[in-house]
Amino acid sequence: MQIIRGFRDILPENIGLWQRVEKEAEKLFEKFGFQEIRLPILEKTEVFARSIGEATDIVEKEMYTFPDRKGAKLTLRPEATASMVRAYVQHKMYATDPIRKFYTIGPMFRRERPQKGRYRQFYQIDAEIFGVSSAYVDADLIFLLNELFKQLGLTGLKAHINSLGCPACRPGFQKALLDLLESKKEELCHDCIRRKETNPMRTLDCKVHGCRKALKDAPTSLDYLCKECRDHFNTVKRVLKEQDVEYTEDKTLVRGLDYYTRTAFEIQTSSLGAQSAVAGGGRYDLLVKEMGGPDIPAIGFAIGFDRLVQVMENLEKTIGTTRLDLFIIALGDEAMERGHLWSTRLNLKGIRTEMDFRGKSLKSLMKRADKLGADHVLIAGKKEIKENSLILRNMNTREQISIGSDDLVADIIKLLKKE
Ligand code: HAM
């Protein structure tokens, strides 16, 4: 007997990274005030059909939908947001406090064509914030994603952000887009001719060459934002800059679900071939009301867990390492000499330690530590050695403490084992 196509067993020998990601994510969610929620994987079909949108690929062709024995139409969840909103509304969570932050981790189901990074059962790490319309939380969520990826030692990921506008400005954009689609209809693919009628915005991320060419200068939502949406988007960008989160403004980012308003974002990587989005999300200020609740804004994201693990596996293969406890940055000859001794002793004591002997600068060594996924960095420069006060930096929390070099090996063992 064989497993269903597009489904996977995650075997014990591969489970390490899954567990590590889960732990890091849970730790971070807790720090930022998110509570865990567990939701069923089966819902009434209408929960997804209405929220995700009848004319999306997910609802049109990818859902596992079937009647139960009494004929009720049920669907294996293709994503978590709709269930999350259903639960928020059903349990009237807004009545006690509309501002709620939830996360959930679990399997989702979409009957897509399986390929690397794309499965029919896949896992998501999903987070949602209800009740806050401020652009600060948009930036916060992107920051949180970025932070999680950093803590997992991932490099080469980039946040793509866009604003999809609101009911005040979207009609203007849609009309302009429809006018263009009408004038170019001879050049569009079959699917886009259909999308023109059902979901015009989706034509903007069609991968067919002819469509790309025809729609090269198509109007985008960013060109049509009303003042409120523009101010909101500018705040998101400003705060991201303040928080040192790198991003690209990507006006072709339209997302595959219909519920989005204003900010939409994806974290993309070039290391997964065609499946470049490791996470995606955005604001959906109208959905709670559409699903029968009060007028409450919301925003969230979902990380593709399988893809995240894949990126981590690729990275570990390319840099050929497992986890690193400590990276010693030794600046100058004396520091190098002593650092080397500490490094070997720590390795023998089971603290995985590396250092670099190429005489590089502090900045480039910090980068190297980041690339190796070091949990801690020990900084020993001339001054630190002279003053007998080395700096130990926790790369996850960014906390720094100063420690003496006399009994360094014992101290490090104590400190790292305690954490
Ligand atoms: P999504 O973009 O459809 O958004 O999915 C989020 C992530 O799940 C994707 O970026 C991708 O990494 C992963 N993913 C999607 N489909 C597959 C698949 N077939 N195989 C493997 N991984 C996949 C949502 O689902 C929204 N609910 C996100 C959200 C939350 N928006 C607001 N709140």
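Counting begins at 1 with the first residue of the sequence. This one's a predicted model, so the numbers in the text were calculated from it and none came from an experiment. In each ligand, atom 1 is the first atom listed, and ligand 1 is the first ligand listed.
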Would you compute the distance between atom [atom1] of [X] and atom [atom2] of [Y] and round it to the nearest 0.5 angstrom?
X: Thr220; Y: Leu225; atom1: OG1; atom2: CG; answer: 8.0 Å
X: Ile37; Y: Met93; atom1: CD1; atom2: CE; answer: 4.0 Å
X: Arg345; Y: Ile413; atom1: CZ; atom2: CD1; answer: 10.5 Å
X: Leu365; Y: Leu331; atom1: CG; atom2: CG; answer: 6.5 Å
X: His91; Y: Arg100; atom1: NE2; atom2: CZ; answer: 11.0 Å

Pair Ser343, Thr353: side-chain N/O donor-acceptor within cut-off below 3.5 Å
no
Using a 4.0 Å heavy-atom cut-off, which part of [X] comes near ligand 1: side chain, backbone, both, or neither?
X: Glu128; result: side chain
X: Arg255; result: side chain
X: Tyr259; result: side chain

Between the candidates [options], which shows the shortest non-hydrogen contact distance to [atom]?
atom: atom 11 (C) of ligand 1; options: Arg307, Met84, Arg111; value: Arg307
atom: atom 25 (O) of ligand 1; options: Gln115, Met108, Arg110; value: Arg110
atom: atom 24 (C) of ligand 1; options: Glu112, Gln124, Lys116; value: Gln124

So for ligand 1, is [X] a polar contact partner (N or O within less than 3.5 Å, distance only)?
X: Val278; answer: yes
X: Tyr284; answer: no
X: Asp126; answer: no
X: Ala277; answer: yes

Report the C-alpha distance between Phe130 and Tyr88 in whole Å, list the side-chain angles of each, state the deciding distance to 0.1 Å, and finish with yes or no for ring pair (Phe, Tyr, Trp, His ring centres under 6.0 Å).
CA-CA 9 Å; Phe130 291 96; Tyr88 180 79; 4.1 Å; yes
Minimal non-hydrogen separation, Ala55 against Asn199, with atom names:
O-ND2, 3.5 Å
For the rings on Tyr103 and Phe34, is their centre-to-centre separation under 6.0 Å?
no
Does Gly256 reach ligand 1, in the sense of a heavy atom lying below 4.0 Å from it?
no
Tyr119 six-ring centre to Arg8 NZ/CZ under 6.0 Å and within 45° of normal:
yes
Could you identify the single nearest non-hydrogen protein atom to [atom] and state the distance to 0.1 Å?
atom: atom 27 (N) of ligand 1; answer: Glu79 OE1, 2.5 Å
atom: atom 23 (C) of ligand 1; answer: Phe122 CD1, 3.4 Å
atom: atom 20 (N) of ligand 1; answer: Tyr119 N, 3.0 Å
atom: atom 13 (C) of ligand 1; answer: Gly304 CA, 3.5 Å

Which ligand 1 atoms does [X] reach within 4.0 Å, using its non-hydrogen atoms?
X: Tyr260; answer: 26 (C), 28 (C), 29 (C), 31 (N), 32 (C)
X: Gly117; answer: 20 (N), 21 (C), 22 (N)
X: Ala279; answer: 10 (O)
X: Gly280; answer: 10 (O), 28 (C), 29 (C)
X: Gly300; answer: 30 (C), 31 (N), 32 (C), 33 (N)

With side-chain hydrogen bond (donor to acceptor under 3.5 Å, both in side chains) as the test, would you mind laying out the steps for Gln121 and Tyr123 before giving the verdict?
CA-CA 7 Å; Gln121 175 176 328; Tyr123 292 79; 3.0 Å; yes
Before you tell me yes or no, could you show the steps for Leu145 and Ile303 under side chain to side chain contact (heavy atoms under 4.5 Å, CB included), namely the whole-Å CA-CA distance, both residues' side-chain angles and the distance that decides it to 0.1 Å?
CA-CA 8 Å; Leu145 271 172; Ile303 299 170; 3.5 Å; yes
